[in-house]
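First comes the structure, then the notes that go with it.
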2 protein chains.
Amino acid sequence: MISIGQAAERSGVAIETIRYYEREGIVPKPDRTASGRRTYSESDVARLRFVRRCRELGLPIPGAKSLLGLTDGSQKSCPTAQTIASKHLKNVQDKMADLKSMESALIEMIRLCDDNDDECPILNHLQSEREES
Amino acid sequence: MISIGQAAERSGVAIETIRYYEREGIVPKPDRTASGRRTYSESDVARLRFVRRCRELGLPIPGAKSLLGLTDGSQKSCPTAQTIASKHLKNVQDKMADLKSMESALIEMIRLCDDNDDECPILNHLQSEREES
DNA sequence: TATGCATCCTGTAGCCACTACAGGATCAAG
DNA sequence: CTTGATCCTGTAGTGGCTACAGGATGCATA
């Protein structure tokens with residue numbers, strides 16, 4: 001049984017974030033010492049690491065919570081996990097597409113600036129009346 | 001001089017968002033009618049549209065505010081605008097790189113699921129002890 | 001045993017950029 | 001005169017933390 005500080009170090013989840021996850025019911029409440037300090041077992045740490053990995057993949061907290069709930073053993077969890085991951089994958093790809101079009105527009109505006117010797121093409125673009133194509 | 005509803009429609013910025021921009025000092029306070037209703041000129045609408053375009057490019061509000069501040073005429077604004085845009089472009093590209101690696105990891109996990117007939121590879125991956133490469 | 005510093009506790013507020021009300025005033029049309 | 005659309009202010013909620021304030025506890029050293 002280790003302290004919250006050690007659990008933070010071993011899981012890669014910040015102390016304040018651990019307490020946040022506890023408040024939000026994402027991970028179960030840990031045991032406490034007589035004086036009220038939280039103590040964490042290895043499986044508590046594993047759960048925290050699990051949530052961190054989910055978050056690194058960009059999975060929202062409810063998704064992470066759902067996946068964590070599947071880790072109670074059964075192999076029937078696979079289709080469920082796959083569904084969650086697939087939905088998230090689509091979100092990720094949609095976001096990438098958004099960013100891609102932002103990137104193109106920015107690159108174009110910046111490039112125009114280099115050829116420019118009159119008005120600023122960036123400001124012109126942003127000020128123009130027409131809606132973008 | 002038009003109402004906030006019409007300004008919203010013509011600028012593409014939601015009414016509540018317009019009021020928010022005003023509170024935050026992103027756009028100047030518009031005139032009011034005798035009864036206290038906001039009235040917007042064409043240039044007010046142009047400013048709102050400008051901020052919307054910035055936001056569509058993912059520019060944070062302070063950046064949008066800076067760019068809007070440059071639209072007071074001078075062509076010397078170009079290098080400044082280019083700097084703001086370039087910094088933002090880098091942020092966009094960093095975010096895309098993050099999403100790209102999330103995407104790869106998700107695709108791999110989902111693919112493994114299809115070949116799977118034992119434990120769920122997604123949960124295995126998220127639960128594993130080792131740090132990812 | 002005293003002291004000092006690290007670590008922990010709870011509770012609250014802040015971040016970003018909105019969005020969504022509640023509860024009321026005003027306007028325009030029939 | 002009533003109805004319904006639109007407007008007003010002010011406040012709270014979203015997600016996922018992060019950053020305190022103000023205090024209690026634990027551990028090592030003098």
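Every chain is numbered from 1, with letters handed out A, B, ... down the list of sequences. Bear in mind that the values here come from a model prediction, so they are computed numbers and not experimental data.
You'll find that the side chain of Tyr20(A) is closest to dG16(D), out of dT19(C), dA24(D), dG16(D). Checking dC17(D), dC9(C), dA17(C) against the side-chain heavy atoms of Ile61(B) singles out dA17(C) as nearest. Among the nucleotides dG16(D), dT10(C), dT18(D), the one closest to any side-chain atom of Thr17(A) is dT18(D). When distances run from any side-chain atom of Arg37(A) to the nucleotides dC8(D), dC17(D), dG26(D), the shortest one goes to dG26(D). The listed nucleotides are dC9(C), dC7(D), dG16(D); the one nearest the side chain of Ile15(B) is dC7(D).
Applying the 3.5 Å distance criterion, the base of dC21(C) shares a donor-acceptor pair with the side chain of Glu16(B).
Thr71(A) contributes no side-chain N or O that, together with a main-chain N or O of Leu67(A), makes up a donor-acceptor pair within less than 3.5 Å. Judged purely by atom type and a 3.5 angstrom limit, Glu108(A) has no side-chain atom pairing as donor or acceptor with the backbone of Ala105(A).
Heavy atoms only, all atoms of each residue included: Gln82(B) and Ile110(A) are closest at NE2-O, 3.2 Å. Here the closest non-hydrogen pair linking Ile61(B) and Tyr21(B) is CD1-CE2, 3.7 Å.
Counting non-hydrogen atoms under 4.0 angstrom, Arg55(B) reaches the backbone sugars and phosphates but no base. Residue-level contact check: Arg19(A) touches the bases, meaning some heavy atom is under 4.0 Å from a base atom.
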